[in-house]
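Since we're looking at a predicted model, the values are computed, not measured. Each chain gets a letter, A, B and so on, in the order the sequences are listed, and its residues count up from 1.
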Number of protein chains: 2
Amino acid sequence: MSIQPAGSSIVPEFRVGSRLYTLYSGWAFRYKTLSDGRRQILNFLLPGDLIGLQEEFVDQSTHGVEALTAVGLCEFPRDGLWDLFRQKPELGYQITWLAAREEHLVDENLLSAGRRTAAERVAMLLVHLYRRAERVGLVTESRTEFPLTQQHIADALGLSLVHTNKTLRQLQRLGLHSIDGGYLTLEDPHAIARIADWVDRPMRRQPLI
Amino acid sequence: MSIQPAGSSIVPEFRVGSRLYTLYSGWAFRYKTLSDGRRQILNFLLPGDLIGLQEEFVDQSTHGVEALTAVGLCEFPRDGLWDLFRQKPELGYQITWLAAREEHLVDENLLSAGRRTAAERVAMLLVHLYRRAERVGLVTESRTEFPLTQQHIADALGLSLVHTNKTLRQLQRLGLHSIDGGYLTLEDPHAIARIADWVDRPMRRQPLI
DNA sequence: CGACATGTTGAGATGGATCAACACTTGTGG
DNA sequence: CCACAAGTGTTGATCCATCTCAACATGTCG
């Protein structure tokens, strides 16, 4: 396993033939940028998530991956995914599981960016990340580490930084959540979930790779 | 293989335990809706695309799939994906290939919805769909069947129907494209690609399932 | 023929963008 | 130790891209 510091680039946005990892510890995110610099964060990565699967199939890396905190990475063997599928079909199945789940995350984010208002997007992001963190055991005493800056939130939601700030403050003033000292608390989980139009769907237990 | 008419629902938006198919012929799309009816189209499906993979892993279907034209569907064996991976790892590998590629499509759409202007989104959608159609042999004489209504385009781009119409007309007036009689032509592929900030990236040959 | 889906266009309203300041913290070099 | 720059968060004022509302045209289908 290798360790990388917060803010470092795990997969550069344009690059040929990178490797496949699982995120063992820490937070990261996938992103794309337009040629004039506008950036969209595609989804956030929590422990257990896969990094670099698309690069295996698309010849050029089309998104970057960056560390939000210090991260631990677990690298897959170099000899190719195809061999892995042949030799350990169970592992192949689990990789597909993770790929389908990540697509599900992007689906949710696209629904937000395309159809939700600013307040709904922010609420959705907070609830969604909180529940994901919860599922991988990152929540203690009703709060979770929350290493995103407002710029990250804005880039994830397709909003401007300024409007993101105003919307966050608005929700916080309503007593829905608080972000303090790098930790997120859902002060009124029911209300914030209602705003986000969030329904907690059961997912199968996550495979351990 | 089964056939379904245009406009029919292939996978309803909320449903437990549906099946896995490949789209053999025709056009379809995946979508999600908020509880008040706002709809977001996640991506369009062309021949060779997979339908229903997420349902295999998420216990409840979280997106619907609808046919745009009459479609031919090829159903995977009922006995479960896990057996398939074990017995035919090559097929498993190709399924993962397709899953990663579909995620790549959703990534692109999220970038559009989050960061592109209306004109850029429309340009991107037209170029992207045209190139995809081209890749599966649906382009003849520089045009492709184009079964989307403006409502579909609006729902895919996160725009209102009215603004979608005005933007389409604007691009058409500039001589960038034309949509006529259910067919799309890129009149000025270079210009429209520039607006879309589109770069044609090579992809590996698509596996035939 | 009427009902309905689809496309088109103008006018006015508005959510969110942009611009501009400023506060606070952290790190860095002198 | 201070001076300064850079990153982050906050807030008000103004602007504009897009939304909403409204009306109408066209084509299809029963």
Side-chain angles (χ1 to χ4, degrees), chain A residues 5-8 29 34 36-41 66-69 112-126 145-174 177-184 195, chain B residues 5-8 29 34 36-41 66-69 112-126 145-174 177-184 195:
Chain A
S8 68
F29 63 90
L34 293 173
D36 67 358
R38 281 173 285 176
R39 179 174 78 165
Q40 176 68 39
I41 290 183
E66 196 176 303
L68 270 172
T69 65
S112 278
R115 289 298 169 206
R116 278 189 245 250
T117 66
E120 291 167 350
R121 291 183 209 189
V122 170
M124 180 63 184
L125 179 96
L126 297 180
E145 181 193 9
F146 192 75
L148 321 201
T149 66
Q150 295 186 354
Q151 184 67 65
H152 291 122
I153 300 178
D155 285 350
L157 300 180
L159 297 171
S160 72
L161 175 58
V162 173
H163 199 60
T164 300
N165 175 283
K166 287 171 180 171
T167 309
L168 273 166
R169 306 247 64 219
Q170 180 201 338
L171 295 187
Q172 190 147 2
R173 226 178 303 117
L174 293 172
H177 77 281
S178 64
I179 296 174
D180 198 30
Y183 283 84
L184 165 68
I195 291 176
Chain B
S8 68
F29 63 90
L34 293 172
D36 66 359
R38 281 172 284 177
R39 180 174 78 165
Q40 177 67 38
I41 290 182
E66 196 176 302
L68 269 173
T69 65
S112 279
R115 289 299 171 208
R116 276 191 247 251
T117 67
E120 291 166 349
R121 292 183 209 189
V122 170
M124 179 64 184
L125 179 95
L126 297 180
E145 182 192 10
F146 193 75
L148 322 201
T149 65
Q150 294 186 354
Q151 183 68 65
H152 291 123
I153 299 177
D155 285 349
L157 299 180
L159 296 172
S160 72
L161 175 58
V162 172
H163 199 60
T164 299
N165 175 284
K166 288 171 179 170
T167 308
L168 273 167
R169 305 248 64 217
Q170 180 201 337
L171 296 187
Q172 190 147 2
R173 228 178 301 118
L174 292 173
H177 78 281
S178 65
I179 296 174
D180 196 31
Y183 283 84
L184 165 68
I195 291 176

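- Judged by distance alone, with hydrogens and angles left aside, A/K166 brings no side-chain donor or acceptor close enough to the base of C/dG15 to form a pair under 3.5 Å.
- The separation between A/I179 atom CD1 and D/dT8 atom P is 15 Å, rounded to whole Å.
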Run the side-chain contact (heavy atoms from CB on, under 4.5 Å) check on A/T117 and A/T167 step by step: do they pass?
CA-CA 10 Å; A/T117 66; A/T167 309; over 6 Å; no
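- Side-chain atoms of B/R115 do not come within 3.5 Å of backbone N or O of A/R38 as any donor-acceptor pair.
- Contact of the A/I179 side chain with the A/L126 side chain is registered, since non-hydrogen atoms from C-beta on lie closer than 4.5 Å.
- Going from atom CG of A/L68 over to atom P of D/dG7 covers 16 Å, rounded to whole Å.
- When the side-chain nitrogen and oxygen atoms of B/Q150 are compared with OP1 and OP2 of C/dT8, one or more of them lie within a distance under 4.0 Å.
- A/S160 comes within 4.0 angstrom of a nucleotide base, judged by non-hydrogen atoms across all strands.
- Computed from coordinates, the B/R116 CZ to D/dT18 P distance equals 13 Å when rounded to whole Å.
- A residue-by-residue look at B/H152 and B/R173 shows that B/H152 has its nearest nucleotide of DNA chain C further toward the 5' end.
- Taking atom NE2 of residue A/H163 and atom C1' of nucleotide D/dA13, one finds them 15 Å apart after rounding to whole Å.
- Nucleic acid contact for A/L159: sugar-phosphate only, since backbone atoms but no base atoms lie under 4.0 Å from a heavy atom of the residue.
- In this structure, A/R169 reaches the D/dT11 phosphate: one of its side-chain N or O atoms is under 4.0 Å from OP1 or OP2.
- Residue A/G7 is classed as having no contact, given no heavy-atom separation below 4.0 Å to the nucleic acid.
- Atom CG in A/L161 sits about 10 Å away from atom P in C/dA17, given to the nearest Å.
- Contact annotation: B/N165 side-chain N/O to C/dG7 OP1/OP2 distance is not under 4.0 Å.
- Mapping B/T117 and B/V162 onto DNA chain D by nearest heavy atom places B/T117 closer to the 5' end of the strand.
- Minimum interatomic distance between A/M124 and A/S112 (heavy atoms only, all atoms of both residues): CG-OG, 3.6 Å.
- Atom CG in A/L171 sits roughly 16 Å away from atom C1' in D/dG9 (whole-Å rounding).
- Minimum atom distance to the side chain of A/A118 is reached by C/dG16, of the listed C/dG16, C/dT18, D/dT8.
- Under the 3.5 Å distance criterion, the side-chain polar atoms of A/R116 are left unmatched by any main-chain donor or acceptor of A/R121.
- Between the CD atom of B/Q170 and the C1' atom of C/dT8 there is a distance of 15 Å, rounded to whole Å.
- Between the C1' atom of D/dC19 and the CZ atom of B/R121 lies a distance of 12 Å, rounded to the nearest Å.
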